[in-house]
Amino acid sequence: MSVTKSEVRPGVYYDSVVLMQLQRKLAALPGVEDAGVVMATPANLELLADSDLLEAAGKAARPEDLLIVVRAGSEGEASDALAQVDELLKQRSSGGGNQAFRPRSLAAGVKNLPAAEWVLISVPGRYAAKVAHEALDNGKHVFLYSDNVELEDEIALKQRGAELGLLVMGPDCGTAIINGVGLGFANRVRRGPIGLVGASGTGLQAVTVGIHNYGGGVSQAIGTGGRDLKAEVGAASMLQGLRYLAADESTQVIVLISKPPDEATAAHLLSEAQTAGKPVVVCFIGFAAPAEQIGNVHFSNGLDSAARIAVGLSNGAISPPTIERRGDYLRGLFSGGTLAYEALNGLQNFLHPIYSNVAIRSSQKMADPLHSQAHTIIDLGEDVFTVGRLHPMMENNLRLRRLKQEVEDSETGLVLLDVVLGEGSHADPAGELAAAIASHRKARPDIEFVALVVGTDEDPQNTDEQIAKLEAAGARIFRETTMAVDYIAARLAAAPSAAGKALRPFSEPLAAINVGVESFFDSLKAQGADAVQVDWRPPAGGNEALASILEKMKGK
Amino acid sequence: MIDITKANQTAVSRMMEARPILKGVALAKDVIPDMKPNLLLHAGPPIEWARMSGPLRGAVIGALLFEGLAKNEQEAVALVEKGEIEFAPCHHHDTVGPMAGVTSSSMMVYILENETHGNKAYSNLNEGYGKVLRYGAFSEEVIAKLRWMNDSMGPLLAKAIEASGGIDIRALLSESLHMGDEGHNRNKAGSIIYTAKLAPWIAKVAADNDMESEVLKALGDNALSVLNPVMAACKAMSASAHGIEGSTMVTTMARNGTDFGMRVSGLGDQWFTAPAEVPDGLYFPSFTSKDANPDIGDSTITETAGIGAFAMAAAPAIVTFVSGTPQDALNATLEMYEITIAEHSHFTIPQLEFRGTPTGIDIRKVVELGITPRVNTGIAHREAGVGQVGAGLVRPPMKIFEDALVAYAERYKL
């Protein structure tokens, strides 16, 4: 036999929704068959009557009274239920909770965190480029973790990024540390004056860890994705990163990390590195470094040594002097074969394209040794030139004629000559060469002349006098090949490409929108960064037909 | 070459610039275009008698009794089954009605006029709570209440509104959204404002004190008294945005208790329909979701116009319908920004630093993101005449948005 019990609370007001919730909770209590919680208006009393919930106490209630009714299996269960009303009213709803809104679209994410300058993308590769373009549209730097992105998409993204002053790290970029906050997979390392750009995530991790363990610290660690240094991509991201770090006041030493790059790309990168105005440690694993150091560029042969060199440099960092650049091409006219080869070996890392009749790489072979093209280094002692005549170390005519030919070429910007003194050589090579230089400089004052003089103070030509003649004609003198290489590389290395604005600054504190893998969001939050998680789904739920219609409607 | 972005901007701007003014109350047959004695208007997309749900059938019977076309339920059903009665969606006659939405030629209706674009919209008078026609009840007391509304309250409201010179419903909504209303399920503040605005004029034009008192009580006791003018206002706003070539903006969402229907600005008068779902919500004493009828009513015109569930953040008092906390209310509105074209220039939400409400549903965004519009709604009992059994949240079926997108691609040869 069920028992119906009521409680009337005069003059108590609750919103009807609260009452409905209370009623649901009461009805769920043990032994309770039904419950009603209403303001005792006539309409509500009628409802209760229909449900067999109205008895004497309820009937007597007035419209401004709160009426609570339970029907239970026993008197005790009904009383127990009524006794819990206050407790139940206090209970907060269990559903929903206070989780902040999670947008589904990047657009909404941007709106919710306008301060975000970064978008982390880890959606499936086939969708990633589209999301990345949308991030660029919104003026955000991109950390693109997704892989399986087409190469053409990478090129297009990086081109747009360069035009907009936005960085595109990736695709397939696993690691970065921006303003002390790790993106993707990154170690917790102290902040400091060493900035890195790496085309390898684990490479970046290894070097940043090394820097930390050697007592140094990291300003920024910028990832580029593994394909950035391929010829097609042209190190677009690494160049951006390098320029950013060069201009960044909190960075004193720069480290570049990659597998061996494409040669033209390497030349471009190294020539840019020379103009950084601060030491640059280059760690291209497996790359045949021309020297331990050329100017401000240091070559390391491993990840650990890169970290060690960088920390050493950052402890006593002195900015090397910057040399004013000029454009145009080098024409090196050598009498000594090995000198030509050594110069080429050094300069090929900075000047591209470079050709020679003593080519080190097959791509450097001259189509016609009688005509220079782009940067050219010629050994005039080669057979093709010396058949039927004296070697250019003894006889200057050949070189003087070729010199005239180069000066008449409007593309020539710098001429390098070697002057090898000693027994057997011409008695006064500088005399004839200096006269030619002086006269050419009248016609082409824009051409710079550099001479590499090899000789001792005991040589018969009198080295000091030889040098004095050349200097008087306006030539710059070096006594050793790598010094000349340093100077020429700095002078002629490709000017910064016109395309591409300076990167928009990375503001502190870092704020980011994470699209995809949630652990990246958790990790951002754990590091104290402001972040929004976008619960991304494939467009139109993955329905290709609908997605293709949507695609056609885009931009309309 | 169509410019969807521009078309949508035009559509949403027109909807927001529309300024619906409550101009009067009159008999449906005198004001609703093409209204006639044997025509019954109903909520939602077109539907024939055989497919009508319980509450809609009940309301049809009630309206025939009210019109005197039948003497009892049996006669009414017979009349319908003989094919003597025509049915049409309210929306085909510039009209909207809550729940069953059944409107017949002798019923008093509100007249809303959009002063910006000149179009008009209509809605019946709100009956209050309990046993009411809009939930399919047709007992004698229901018909008696309708008669009182038609014979006493209606004419008095007509005079009072005329004397007032008109009531700006857009301004009223702007204000009530700052007072805890969302304009669909919660209209407490709006109804108080409405009553307060009319009270002096009612006092002025009422024939006697008893009449004045009765009407003021009916308005004041009913937290939904302003719902019908609000719905007609939303209809006037969205109608002014309909028919913009190339626009992907939704201009109608409505349910008839069987189907959920939608129309799109740039897709003419074509309805996109799919079976209506049962709302998820809280139930009155002794009812459960088993008692619930599938979603019904034209009141989704509020969400279409950028209020209702879209303005949920403004109405924390009813967040429990959504699931619990004020944060959920904020999240509900934030979610709707994802699928809308604009933020309303007149309806703002204090809780979101006075951001405009999310306005103008873009079918493209709905399909792309997989987010359907939220709708706050009352829940009707599945049987005629029982009435409201709860209130809660429902969403339209995704299929109607997908169908509309495909139709758009065909229509515009994409």
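In what follows, every heavy atom counts, from backbone to side chain, and hydrogens, waters and symmetry copies are set aside. Labels below follow one simple rule: chain letters A, B, ... track the order of the sequence lines, proteins then strands, and each chain is numbered from 1.
Residue-environment remark: NZ (A:K525) exceeds the threshold of 12 foreign heavy atoms within 6.0 Å. Within a 6.0 Å radius of NZ in B:K290, other residues, nucleotides and ligands contribute 12 heavy atoms or fewer. Other residues, nucleotides and ligands place no more than 12 heavy atoms under 6.0 Å from the CZ atom of A:R62.
Note that CG of B:L282 is 11.5 Å distant from CG of A:L22, once rounded to the nearest 0.5 Å.
In this structure, the side chains of A:M553 and B:L405 come closer than 4.5 Å at one or more pairs of heavy atoms. Residues A:K111 and B:E343 have side chains in contact (heavy-atom distance under 4.5 Å, counting atoms from C-beta outward). Counting heavy atoms from C-beta on, the side chains of B:F287 and A:L47 come closer than 4.5 Å. When side chains are defined from C-beta on, A:P103 does not count as touching B:L334, because their heavy atoms never get closer than 4.5 Å.
Heavy atoms of A:R24 lying under 4.5 Å from chain B belong exclusively to its side chain. For chain B, the nearby part of A:D50 is the side chain; its heavy atoms alone come within less than 4.5 Å. Heavy atoms of A:V38 lying under 4.5 Å from chain B belong exclusively to its side chain. Proximity to chain A (any heavy atom under 4.5 Å) is restricted, for B:K131, to the side chain, taken from C-beta onward. Residue A:P42 does not touch chain B at all, counting heavy-atom pairs closer than 4.5 Å. Contact of A:E33 with chain B is not made at all, since no heavy-atom distance falls under 4.5 Å.
Listed options A:S105, A:G36, A:P539, A:A108 were ranked by heavy-atom pairs under 4.5 angstrom with chain B; first place goes to A:S105.
Of all residues in residues 406-414 of chain B, those placing a non-hydrogen atom less than 4.5 angstrom from a non-hydrogen atom of chain A are B:V406, B:Y408, B:A409, B:L414. Residue-level contacts of residues 359-371 of chain B with chain A, in order of numbering, are B:R364, B:V367, B:E368, B:L369, B:G370, B:I371; threshold 4.5 Å between heavy atoms.
Looking at every heavy atom in both residues, B:P285 comes nearest to A:A35 through CB-O, 3.8 Å.
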Residues A:M20, B:F284; criterion side-chain contact (heavy atoms from CB on, under 4.5 Å); working and verdict: CA-CA 6 Å; A:M20 283 156 82; B:F284 295 155; 3.6 Å; yes
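When each of B:L330, B:T333, B:D328, B:N331 is checked for a side chain to side chain contact (heavy atoms under 4.5 Å, CB included) with A:F101, only B:N331 meets the rule.
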